[in-house]
**Q** 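Quick one: the structure is below, and I'll ask about it shortly.
Side chains included, hydrogens not; waters and symmetry mates left out as well; all remaining heavy atoms used. In this text, all values refer to a predicted model and were calculated from it rather than measured experimentally.
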Amino acid sequence: MRSILPAARPEPAPRAPLALVARSVQEMVDDLKSVRRQYLEALPVAGAVLDYVDGAVSIDCCNAAYAALETGGDMFGLYPENPPAPLLDRCGFIDRIAEFMASDDAMRELEWSDGGPVVGRHYVIRLARVPAIDSGEPRCLLTLLDKTAELQAEKSLRLEMFNDSLTGLPNRAGFSEALEQAGAAGDNHFAVLIVDLMRFSRINESIGSLAGDELLITVARRLMSALRTGDVIARTGGDEFGLLIRLVDGPGDALHIAQRINAIFAQPCRLSDLEIRIEPAIGCALSEPDCDGEALVRRAQFAIKRAKISGKVEVYQPVAFNQARRRFSLETALRRAIEGDRLRLAFQPLIDLSSGRIAGYEALARWTDGDRGEVSPSDFIPVAEESGLIVPLGRWALDTAARTLASWDKAVGEPLPIHVAVNISAIQIARDDVAGAVSAALADHGLAGKRLMLELTESAIIADPDRATRVMESLKALNTPLAMDDFGTGYSNLAYLQRLPIDMLKIDRSFITGMLADKDKVAIVRAILSLAHALGISTTAEGIESIQLAQTLSALGCTRGQGYYYGVGMPADEALAYWRSRDA
Ligand code: C2E
Ligand code: MG
Ligand code: MG
């Protein structure tokens, strides 16, 4: 702009007759006007040059685009019949234009919408100072940028981004925005309810996805009817709705609405000739000063897990959440430890009570974490089971146990007369091909089947008796002995002891510890021993910590013993040295 218009006031004209001077000034003004017009016409947008004379804004000249805008729609009233002319203030900006022209600012931007938010047009009005040369009065360039298309595109994009197309409700992102707004308004008196439709995927499968969509719309409508003005409802997931509830009379408001929702769904939903009962699981989290919207949603979702079990509306409890978070971080660390091959096996001796010789070792997983130190298997095995990590962990344990046993054989120069017992979890039985993994471990390390004993718990059988039976039979086909671990603590269903190919009963430590001073425990141990004897099954007593216990159990006819009295779980080389020192 400045490059086109002369940058400075021209040199004063040399002395000349007054008429001549007046004409040449007029010519110069005309020249400048023509330059301004040319400049304006070159602009790709509607533009006008405004003058500011005696505190009033008027138009000096404008381009055709500006004129078309004005004459076409008479929108601004800024177009003068015979410029210069005073501006009409139809857009309500004259004061601000005047204020700008009286100021020293080089530029200013104003936004203006003409004709309402939906059908109207939206402009950015830009004011830029133009050097005042001819009149000496302040002058500015006004341009109008039509942003209507841009804003409409943005609006429809936002609509798509923040709304669910099926129900028309805000979606997850829209809900987050509503929560953010509530938080930003400093409103700490609200609650988030998450409503999950139980078994919805099953319903969807059986009625078809079109009917499923219709059902979701019905559900959305019903949920809306439970809300008050000011509450927000969103579809936050496929079969999950999020509700932002303002707490006018305290937390009771949220529970009251949750109850209303339950009551609303007591009536089945009708879809043509189908009657479908919707069971909502409702989790609730109350806003707290340091808790943002996303955290509230997570808390309410966490509460839902309990709601699904209890069948009641559950309010988030921080203790349970922290436990779950700890568990999750333990799971992440365990996954990394498995991937990084940082678990170890410890080998605890299994002693033949009549001869005192080592019958074998039980392989026990050990994990030392960088941050947590030594983590007990009673802590990480349940996490591994819950997360499915027990499958790779179990395969690793089988392979490592077989590799260690083969290395001992190699070190001694012949197969040792001992076996290694490996624990197999119920989850492995359910999810993995345990027989295939055992067979591979034996083959990879050139071991006979009898060298690996497998310890299963009663839960593995109870969960899926048919599958457990098939797995145990395949294992028997590999000639691997099977032990029932922790016997007496679970269901102790004696029927399967007779039916299944079990070689060894391991009597749980809880019966052995303190047994000498407890007649009931002695009676239980005696009963288990005689039952096992009758069925031709060997026995191992877990948790022998004293010679007296070892002697008593031997006298009662127990086959084997395991416990700190004989040795704790030790690294592979120590276990081999222990065997050499006792039995070689
Ligand atoms: P478990 O299979 O019953 O293993 C015996 C547990 O008793 C071991 O605990 C062992 O250290 C402990 N123990 C042995 N003798 C004594 C004693 O005299 N006194 C006392 N107080 N304790 C004794 P650990 O190593 O903590 O293992 C706990 C459980 O974790 C195991 O119980 C087993 O169920 C599971 N586990 C360990 N490693 C594995 C594995 O590789 N795979 C699977 N699935 N489970 C494993
Ligand atoms: Mg065991
Ligand atoms: Mg045990």
Side-chain angles (χ1 to χ4, degrees), residues 163-175 192-227 233-243 255 257-285 297-316 320-321 324 327-328 331 385-391 426-432 459-460 462-468 470:
N163 282 279
D164 168 46
S165 55
L166 178 69
T167 56
L169 296 176
N171 59 14
R172 183 80 165 81
F175 193 54
V192 168
L193 291 186
I194 299 287
V195 181
D196 186 284
L197 312 180
M198 298 218 279
R199 299 179 299 111
F200 183 78
S201 48
R202 278 257 200 80
I203 298 174
N204 209 23
E205 273 165 27
S206 54
I207 63 176
S209 57
L210 265 183
D213 284 355
E214 213 180 313
L215 184 61
L216 279 171
I217 294 169
T218 313
V219 167
R221 275 207 205 108
R222 284 200 185 185
L223 284 173
M224 278 159 82
S225 72
L227 300 185
I233 173 169
R235 184 173 171 217
T236 47
D239 56 359
E240 186 192 275
F241 292 85
L243 275 56
L255 296 177
I257 288 185
Q259 277 164 4
R260 219 152 40 173
I261 292 171
N262 274 331
I264 282 172
F265 286 103
Q267 294 295 324
C269 295
R270 223 174 261 282
L271 282 190
S272 54
D273 53 348
L274 290 175
E275 274 199 355
I276 300 159
R277 190 169 292 282
I278 291 288
E279 280 177 61
I282 307 177
C284 172
V297 171
R298 278 200 302 278
R299 288 177 171 194
Q301 281 170 332
F302 182 76
I304 280 196
K305 287 194 184 155
R306 288 194 301 136
K308 283 185 178 168
I309 298 165
S310 69
K312 293 187 298 196
V313 178
E314 292 283 352
V315 181
Y316 161 81
F321 185 70
R327 219 176 161 89
F328 181 70
E331 179 189 322
E385 288 178 328
E386 210 170 83
S387 60
L389 285 172
I390 196 71
V391 170
I427 310 290
Q428 285 171 267
I429 301 277
R431 293 206 203 155
D432 199 13
S459 57
I462 303 297
D464 185 349
D466 292 342
R467 186 175 169 94
R470 277 199 307 278

**Q** Once rounded to the nearest 0.5 Å, what's the spacing between atom OH of Y316 and atom CD of Q301?
**A**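 Going from OH on Y316 over to CD on Q301, the span is 13.0 Å.
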**Q** Identify the residue among N262, L255, V315 that makes a side-chain contact (heavy atoms from CB on, under 4.5 Å) with I282.
**A**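 Of N262, L255, V315, side-chain contact (heavy atoms from CB on, under 4.5 Å) with I282 is met by N262 alone.
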**Q** Applying side-chain contact (heavy atoms from CB on, under 4.5 Å) between F241 and each of D196, I261, L216, report the one that passes.
**A**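 Only one of D196, I261, L216 forms a side-chain contact (heavy atoms from CB on, under 4.5 Å) with F241, namely L216.
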**Q** So which heavy atom on S225 is nearest to which on I264, and how close?
**A**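 Heavy atoms of S225 and I264 come nearest at OG-CD1, 3.6 Å.
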**Q** Do R260 and I257 have side chains that get closer than 4.5 Å, going by heavy atoms?
**A**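 SC-SC contact between R260 and I257 confirmed.
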**Q** Quick check for you: to the nearest 0.5 Å, what is the distance between I217 atom CD1 and C269 atom SG?
**A**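 One gets 12.0 Å once the value is rounded to the nearest 0.5 Å.
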**Q** Closest heavy-atom contact between D432 and R467?
**A**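 Smallest interatomic distance, heavy atoms only, reads O-NH2, 3.4 Å.
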**Q** Heavy atoms only: give me the nearest R277-P268 pair and the separation to one decimal.
**A**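 Taking R277 first and P268 second, the nearest heavy atoms are NH2-CD, 3.9 Å.
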**Q** How long is the straight-line distance from CD1 of I233 back to CG of L227, given to the nearest 0.5 Å?
**A**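 The CG atom of L227 sits 5.5 Å away from the CD1 atom of I233.
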**Q** Between atom OG of S459 and atom CG of D464, what is the distance when rounded to the nearest 0.5 Å?
**A**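 Atom-to-atom, S459:OG and D464:CG are 12.0 Å apart.
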**Q** What's the spacing between D239 CG and R199 CZ if we round to 0.5 Å?
**A**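 Here the rounded value is 11.5 Å.
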**Q** Looking only at non-hydrogen atoms, find the nearest pair between I207 and G212 and report the distance.
**A**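 Scanning both residues completely, I find the closest heavy atoms to be CD1-N, 3.7 Å.
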**Q** Mind checking whether V297 and T236 have side chains closer than 4.5 Å, heavy atoms only?
**A**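 In short, these two side chains do not touch, never coming nearer than 4.5 Å.
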**Q** Looking at CD of E314 and CD1 of I309, how far apart are the two atoms once the value is rounded to the nearest 0.5 Å?
**A**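 E314 CD to I309 CD1: 9.0 Å, rounded to 0.5 Å.
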**Q** Which atoms form the tightest heavy-atom contact between K312 and A307, and what is the distance?
**A**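 Where K312 meets A307 most closely, the heavy atoms are O-CB, 3.2 Å.
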**Q** Just wondering, are more than 12 heavy atoms of other shown residues or ligands nearer than 6.0 Å to CZ in R270?
**A**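 Incorrect, the count does not exceed 12.
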**Q** Would you sort out whether V192 and R299 count as a side-chain contact (heavy atoms from CB on, under 4.5 Å), showing the intermediate values?
**A** CA-CA 9 Å; V192 168; R299 288 177 171 194; over 6 Å; no
**Q** So which heavy atom on G242 is nearest to which on I194, and how close?
**A**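 It is CA-CD1, 3.9 Å.
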**Q** Okay, side chain of R222, backbone of F265: is any donor-acceptor separation there less than 3.5 Å?
**A**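 Not a single qualifying donor-acceptor pair exists.
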**Q** Under 3.5 Å, is there a donor-acceptor pair between the side chain of R235 and the main chain of T167?
**A**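 Such a contact is absent between R235 side chain and T167 backbone.
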**Q** Kindly indicate whether the side chain of I278, heavy atoms from C-beta on, has any atom under 4.5 Å from the side chain of I203.
**A**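 The answer is yes; the side chains approach within 4.5 Å.
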